[in-house]
Undergrad: 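There's a structure below that I have some questions on.
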Amino acid sequence: MKTTPRYNNIPPQIANLLIRAISINSAYTSRLMASEDSSKTIKQVGNKTECALLGFVQGLGKSYQTIRDEMPEEHFTRVYTFNSVRKSMSTVIPRQGGGYRLFTKGASEIILKK
């Protein structure tokens with residue numbers, strides 16, 4: 001897509017899951033901050049790829065920080081941090097009502113093989 005889709009044009013279940021996946025399965029040290037000057041540019045702090053994904057969440061008009069506040073890192077079951085061998089990052093969180101959800105991102109050729 002050449003432009004960010006409108007949140008309302010994405011099926012609600014998919015949109016909510018996508019926003020949660022991006023917000024939770026990114027290092028919580030990665031974030032977007034308002035510029036200190038009046039240029040209104042956004043300052044990216046942390047991993048640039050993760051910041052781009054967080055910018056997508058904001059482009060949909062949603063707040064990644066709200067989701068992070070609802071799901072602090074202390075509630076994660078397990079985090080598989082990115083490394084050059086795995087070429088992916090995964091976060092396991094508990095689901096309401098039982099069970100777990102796994103969010104994964106990474107190199108498409110690696111993810112598709114799994």
Undergrad: At what distance, to the nearest 0.5 angstrom, does CE of Met33 lie from OG1 of Thr41?
TA: 11.5 Å
Undergrad: Looking only at atom types and distance, does a side-chain atom of Thr104 sit under 3.5 Å from a main-chain N or O of Ser90, one as donor and one as acceptor?
TA: no
Undergrad: Identify the residue among Gln44, Lys105, Arg31 that makes a side chain to side chain donor-acceptor pair (under 3.5 Å) with Glu50.
TA: Lys105
Undergrad: Set out, in order, the CA-CA distance, both residues' side-chain angles and the distance that settles side-chain contact (heavy atoms from CB on, under 4.5 Å) for Arg68 and Ser26, then state yes or no.
TA: CA-CA 10 Å; Arg68 288 177 171 186; Ser26 295; 3.6 Å; yes
Undergrad: Check step by step if side-chain contact (heavy atoms from CB on, under 4.5 Å) holds for Leu32 and Cys51.
TA: CA-CA 7 Å; Leu32 304 175; Cys51 288; 3.8 Å; yes
Undergrad: Could you list the donor-acceptor pairs under 3.5 angstrom formed by side chains in residues 5-24, with sequence neighbours left out?
TA:
| unit_1 | atom_1 | unit_2 | atom_2 | d |
| --- | --- | --- | --- | --- |
| Tyr7 | OH | Asn16 | OD1 | 2.5 |
| Asn16 | ND2 | Pro12 | O | 3.2 |
| Ser23 | OG | Ile19 | O | 2.8 |

Undergrad: Given the rule that I, L, V, M, F, W and Y join up when any side-chain heavy atoms are under 4.5 Å apart, are Tyr100 and Ile93 in one cluster?
TA: no
Undergrad: Working to the nearest 0.5 Å, report the span between OG of Ser30 and CG of Leu54.
TA: 6.5 Å
Undergrad: Using modelled atom types only, decide if a donor and an acceptor are shared between the side chain of Asn25 and the backbone of Met89 within a distance under 3.5 Å.
TA: yes
Undergrad: Flag yes if Ile67 and Phe103 sit in one hydrophobic cluster, no otherwise; membership is Ile, Leu, Val, Met, Phe, Trp, Tyr, and two members link when side-chain heavy atoms are under 4.5 Å apart.
TA: yes
Undergrad: Under the criterion side-chain contact (heavy atoms from CB on, under 4.5 Å), I'd like the reasoning laid out for Arg86 against Ile110: C-alpha separation, chi angles, the key distance, then a yes or no.
TA: CA-CA 8 Å; Arg86 195 175 358 219; Ile110 301 298; 5.9 Å; no
Undergrad: Is it the case that more than 12 heavy atoms not belonging to Lys113 sit under 6.0 Å from its NZ atom?
TA: no
Undergrad: Can you pull out every ring pair (Phe, Tyr, Trp, His ring centres under 6.0 Å) where at least one residue sits in residues 59-84? Sequence neighbours excluded, please.
TA: Tyr28-Phe76
